[in-house]
Amino acid sequence: MHIDSVMNYTGSKFKLLEQLLPVFDYTKPYFVDVFAGGGSIYTNVVDKYQKVLVNDVISDLVGIHQNLLLGDEIIETTKELCPGKNNPTKFAELRNSYNLEPTPAKLWALMLSSTNNMMRFNQKFKYNQTYGDRGWNANTDKKVETFTNHIRQYKERIKFTSVTFDELYINKNSMYYLDPPYGRIKNEDGTIGKKQISEAGYNAFWKEDDDKKLYEFIHDINKEGASFMVSGVIQHDGKTCWMLDKLIQDGFKCQELNFDYNKVSRKGDKETKEVIIKNY
């Protein structure tokens, strides 16, 4: 049984685990989840590696994972913070409170209470997702119990960081999994476009030159003799992702993933192709 995340997270790979897990490199003793997000990946491979590093640039997101590993305090605090149904005023107060004094529990409560359970930040890195008339419920209880019962068995294996991807040390004995924010489009002349191939709430943290930096970082992983797998949407609505396309041109192995995005998209009827690219 696969372990689901305790938060609904844009871009979560939970529904793709059956395709992803069999093709990780398990010959390496260490695993690095570079863009951990909701944590569906590291949670389901922690039993396969000696050490696992969980990283995300959003520090309060990492804080949720870290606090859940340590104990139940964040669970009780988050329950108390959730505004629940029919309470937009309390949600607005919580959002203002988070933007003034952010904590992992406040962020988790906001995510559970937001439209589609999804977080969103503006360009000033302030939380600005709207109220979703929802909150902590019985399903959340079940997810949290399953998640914590599983993950706490491996407390000694897991370490946490919150840095940009290019600040991570490259260890040749590691397997690096990268599921970055949606990359920028490829122009007709092959150069990097200004627009991202699709939008998500965490894209505010993705800078204009990060696509090129990530492309170089992936090549550095390869040069050091470490393993990498990068996943992402390479084609969407007639647009192509520059970085993923370039990695394929460089000769790295590519495999298409099978997932119908039109079933989960409000817009629908847009051709979306997601792939994994790896060096082993």
Peer 1: So, taking the atom named NZ in Lys246 and the one named CD1 in Ile277, what distance separates them when rounded to the nearest 0.5 Å?
Peer 2: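 It is 12.0 Å, given to the nearest 0.5 Å.
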
Peer 1: Could you check Thr115 against Thr130 for side-chain hydrogen bond (donor to acceptor under 3.5 Å, both in side chains), going step by step and ending with a plain yes or no?
Peer 2: CA-CA 6 Å; Thr115 303; Thr130 54; 2.6 Å; yes

Peer 1: Tell me if a side-chain donor or acceptor on Asp133 pairs with a main-chain N or O of Lys85 at a distance below 3.5 Å.
Peer 2: no

Peer 1: Determine yes or no for a side-chain-to-main-chain donor-acceptor pair under 3.5 angstrom, with Asp179 supplying the side chain and Phe35 the backbone.
Peer 2: no

Peer 1: Looking at every non-hydrogen atom in both residues, tell me the closest pair between Ser231 and Pro180 and how far apart they are.
Peer 2: O-CD, 3.5 Å

Peer 1: So Glu256 and Lys273, side-chain contact (heavy atoms from CB on, under 4.5 Å) or not? Walk me through it.
Peer 2: CA-CA 7 Å; Glu256 186 172 350; Lys273 179 179 176 183; 3.4 Å; yes

Peer 1: Do Asn279 side-chain atoms and Ala226 backbone N/O form a donor-acceptor pair below 3.5 Å?
Peer 2: yes

Peer 1: Hey, what do you get for CG (Leu70) to CG (Asn67), rounding to the nearest 0.5 Å?
Peer 2: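 So the gap between those two atoms works out to 6.0 Å.
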
Peer 1: Are Arg95 and Leu110 close enough that some pair of their side-chain heavy atoms sits under 4.5 Å apart?
Peer 2: yes

Peer 1: State, to 0.1 Å, how close Leu21 and Tyr26 come at their nearest heavy-atom pair, and which atoms those are.
Peer 2: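 Between these two residues, the closest heavy atoms are O-OH, 2.6 Å.
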
Peer 1: Do any N or O atoms from the side chain of Thr78 and from the backbone of Ile74 form a donor-acceptor pair under 3.5 angstrom?
Peer 2: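 Side chain of Thr78 to backbone of Ile74: a pair is present.
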
Peer 1: Rounded to the nearest 0.5 Å, how far does CG of Leu20 lie from CD of Gln255?
Peer 2: 8.5 Å

Peer 1: Which heavy atom of Ile58 sits nearest to which heavy atom of Met119, and what is that distance?
Peer 2: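 What the structure gives for the nearest pair is CD1-CE, 3.3 Å.
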
Peer 1: Report yes or no: does Asp189 contribute a side-chain atom to a donor-acceptor pair with the main-chain N or O of Thr191 at less than 3.5 Å?
Peer 2: yes

Peer 1: Which atoms form the tightest heavy-atom contact between Val23 and Tyr280, and what is the distance?
Peer 2: O-OH, 2.6 Å

Peer 1: Tell me if the centroids of the rings in His219 and Phe252 come within less than 6.0 Å of each other.
Peer 2: yes

Peer 1: Using only heavy-atom distances, determine whether the side chains of Lys278 and Ser227 contain a donor-acceptor pair under 3.5 Å.
Peer 2: no

Peer 1: Using only atom types and a distance under 3.5 Å, with no angle test, would you say the side chain of Glu80 pairs donor to acceptor with the backbone of Thr77?
Peer 2: no

Peer 1: Assign the ring pair Phe147 / His65 to parallel, tilted or perpendicular, where the plane angle (0 to 90°) is split at 30° and 60°.
Peer 2: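 Plane angle between 30° and 60°, so tilted.
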
Peer 1: Quick check: does any side chain N or O of Asn55 sit under 3.5 Å from a backbone N or O of Val34, one acting as donor and the other as acceptor?
Peer 2: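 Flag set: sc Asn55 to bb Val34 pair under 3.5 Å.
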
Peer 1: Do Asp141 and Lys79 sit within salt-bridge range, that is, some charged N less than 4.0 Å from a carboxylate O?
Peer 2: yes

Peer 1: Can you list the steps and then say if Phe31 with Tyr176 is a ring pair (Phe, Tyr, Trp, His ring centres under 6.0 Å)?
Peer 2: CA-CA 6 Å; Phe31 182 84; Tyr176 291 79; 8.8 Å; no

Peer 1: What distance do Glu76 atom CD and Leu81 atom CG have between them, rounded to the nearest 0.5 Å?
Peer 2: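 Output value for this atom pair is 11.5 Å.
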
Peer 1: Looking at Gln153 and His150, would you say the former's side chain and the latter's main chain have a donor-acceptor pair under 3.5 Å?
Peer 2: yes

Peer 1: Check the pair Cys241 / Gln235 against side-chain contact (heavy atoms from CB on, under 4.5 Å), numbers first and verdict last.
Peer 2: CA-CA 6 Å; Cys241 175; Gln235 290 178 351; over 6 Å; no

Peer 1: Ring pair (Phe, Tyr, Trp, His ring centres under 6.0 Å), that's the test. Do Tyr30 and Tyr49 meet it? Break it down for me.
Peer 2: CA-CA 6 Å; Tyr30 310 132; Tyr49 293 90; 9.0 Å; no

Peer 1: Roughly how far, to the nearest 0.5 Å, is OG1 of Thr164 from CG of Asp56?
Peer 2: 11.5 Å

Peer 1: Restricting to ring pair (Phe, Tyr, Trp, His ring centres under 6.0 Å), what partner residues turn up for Tyr98, sequence neighbours left out?
Peer 2: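 Testing Tyr98 for ring pair (Phe, Tyr, Trp, His ring centres under 6.0 Å), a comparison that skips the adjacent residues, returns none.
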
Peer 1: List the residues meeting salt bridge (Lys or Arg N to Asp or Glu O under 4.0 Å) with Asp245, not counting sequence neighbours, and say none if there are none.
Peer 2: Lys186

Peer 1: Using 0.5 Å steps for rounding, measure from the CG atom of Asp220 to the CD1 atom of Ile170.
Peer 2: 5.0 Å

Peer 1: When you measure from the side chain of Arg157 to the backbone of Val52, do you find a donor-acceptor pair of N or O atoms at a distance under 3.5 Å?
Peer 2: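 Not confirmed, Arg157 side chain does not pair with Val52 backbone.
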
Peer 1: Tell me whether Arg152 contacts the main-chain N or O of Gly71 through its side chain, where contact means a donor paired with an acceptor under 3.5 Å.
Peer 2: yes

